[in-house]
Number of protein chains: 2
Amino acid sequence: MRCAGGSEAISEGQRAAKSPRERILIAARELFYRHGVHAVGVEAIAETALTNKMTLYRHFRSKDDLIVAYVQQLATEGNEVLDRILAENLDSPQKQVDAWVDFVEDVLTNKFERGCALANAAVELDTGHPARAVIEAYKQRKHDRLVELFRAARYHDPNQLADEVFLLFEGARISIQCGGKGPASRVVGMLRGLLASRPRLVEV
Amino acid sequence: MRCAGGSEAISEGQRAAKSPRERILIAARELFYRHGVHAVGVEAIAETALTNKMTLYRHFRSKDDLIVAYVQQLATEGNEVLDRILAENLDSPQKQVDAWVDFVEDVLTNKFERGCALANAAVELDTGHPARAVIEAYKQRKHDRLVELFRAARYHDPNQLADEVFLLFEGARISIQCGGKGPASRVVGMLRGLLASRPRLVEV
DNA sequence: CGAGAATGTTACCGATCGGTAGCAGTATGT
DNA sequence: ACATACTGCTACCGATCGGTAACATTCTCG
């Protein structure tokens, strides 16, 4: 029940980030993800960001506002990562798919993984919290982009394939922190097998 | 950020439950699930249970102790539900599988569903919390029981099938509360299709 | 009945929560 | 050099947090 307090060492990123606002968002990203949005107080975030509560409240109207910014930051970065993966493999949709699976593998084998930060935040937030809308929009968009990716790679029934892949990924991330580490550790292999054996509209 | 406080109406179950301990566990189950373990204070639980903080602390050494009991209660009930499903369909493993899928459908279409309570709790709890061990053991056991169920139903490669089904289910439950409602609403159909098209050791 | 255990009630503790006032210091651009 | 804006700092607010002391009340069961 205890959160880390101010004893967090100065993160590498903190020196580089000039503006207090950036440092606060970096600190929020770390602490909110590691301990949950409710277990971390604004003071701990301010201290980790090498600033103080007052400056924090000059940039964010309330803690809920900061939570929204935290979630928006994650959603933006998530979209940008996918943008980059797709942009780096413009020559072939199949390579885009493979690159995305490689990325999934990286995420799931990261030993600091504590599940999807957005899903974790949604779990802690009441239904009416403004951050929930951001999270839901992001997940919806992510699913839709998977559909388009699979359609471009000429998979048969890209909608259902995206459903399956999406849910397997989500299930793996949540399972990492609640025991079923077995299935989560095998999901990448499953994904590759699934994608390799799926019918296509044309053979490549 | 605000939890419901004492305004919760007296739940139906509260009158029937005699002992304060039972009432407290019922209240904890409701409030912890709905708002998260960190967002609910012990006082709110005591009031919802039609008792007071002092009595609560006579039955549970601390809030963390109550959280462990809450999680243990959920794990026990989860195991019992599966026990019952299997016991009611002893004549055929295939009927056991079908009955379990029907149960999954009930869970996912329950409009009060806010994901798996155990997974949600794990998200909020630090890695060293004693409740985490209970959660992990339960999920591990659940996965193992799925393997045995599929093996009894003579599915080919019951290990991988259990992995897939387990992750799809977990993914669906977490997705219900963070937007991807589309995929979650279609997962039962996916499961039925998956199970119907899977190779078996013998035809029935 | 009567005795002992379990419950209810109230008031309290120190700590921490989210959030703010006020002022001193430090960049910044012109 | 100057005004302006931003930042740091300290001290504080009321509320709530988890947890406890002391005592009155009720229940249970021999």
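Reminder, nothing fancy here: chain letters follow the sequence lines and each chain counts from 1. Side chains are part of it too, since the values below use all heavy atoms of this structure and drop only hydrogens, waters and symmetry mates.
- Distance CD1/A:I135 to SG/A:C116: 8.0 Å, rounded to 0.5 Å.
- Distance from the side chain of B:M54 is smallest to D:dA21 among D:dG19, D:dG8, D:dA21.
- Here the side chain of A:Y57 is nearest to one of C:dG18, D:dG8, D:dG18, namely C:dG18.
- Counting to the nearest Å, the C1' atom of D:dG18 and the NE2 atom of A:H38 are 17 Å from each other.
- Residues A:R151 and A:E148 are paired through a salt bridge, judged by an N-O separation under 4.0 Å between the basic side chain and the carboxylate.
- Out of D:dG8, C:dT9, C:dT20, the shortest distance to the side chain of B:N52 is found at C:dT9.
- A salt bridge links B:E88 with B:R84: the distance from a Lys NZ or Arg NE/NH1/NH2 to an Asp or Glu carboxylate oxygen falls below 4.0 Å.
- Each of B:R21 and B:K53 has a nearest nucleotide on DNA chain C; the 5'-most of these lies closest to B:R21.
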Please tabulate the protein-to-nucleotide N/O contacts below 3.5 Å involving nucleotides 23-28 of chain D, giving atom names and distances.
none

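- Applying the ring-ring contact (aromatic ring centres under 6.0 Å, His included) test to A:Y155 and every residue at least two apart in sequence or in another chain returns A:F150.
- As a whole-Å value, the separation of A:I45 CD1 from C:dC17 C1' is 13 Å.
- Residue A:K63 contributes atom NZ, which lies 15 Å from atom P of C:dT16 at whole-angstrom precision.
- Checking A:D98 against A:Q94 by side-chain atom types alone, a donor-acceptor pair falls below 3.5 Å.
- Picking from D:dG8, D:dG18, C:dG18 the nucleotide with the shortest atom distance to the side chain of B:V42 gives D:dG18.
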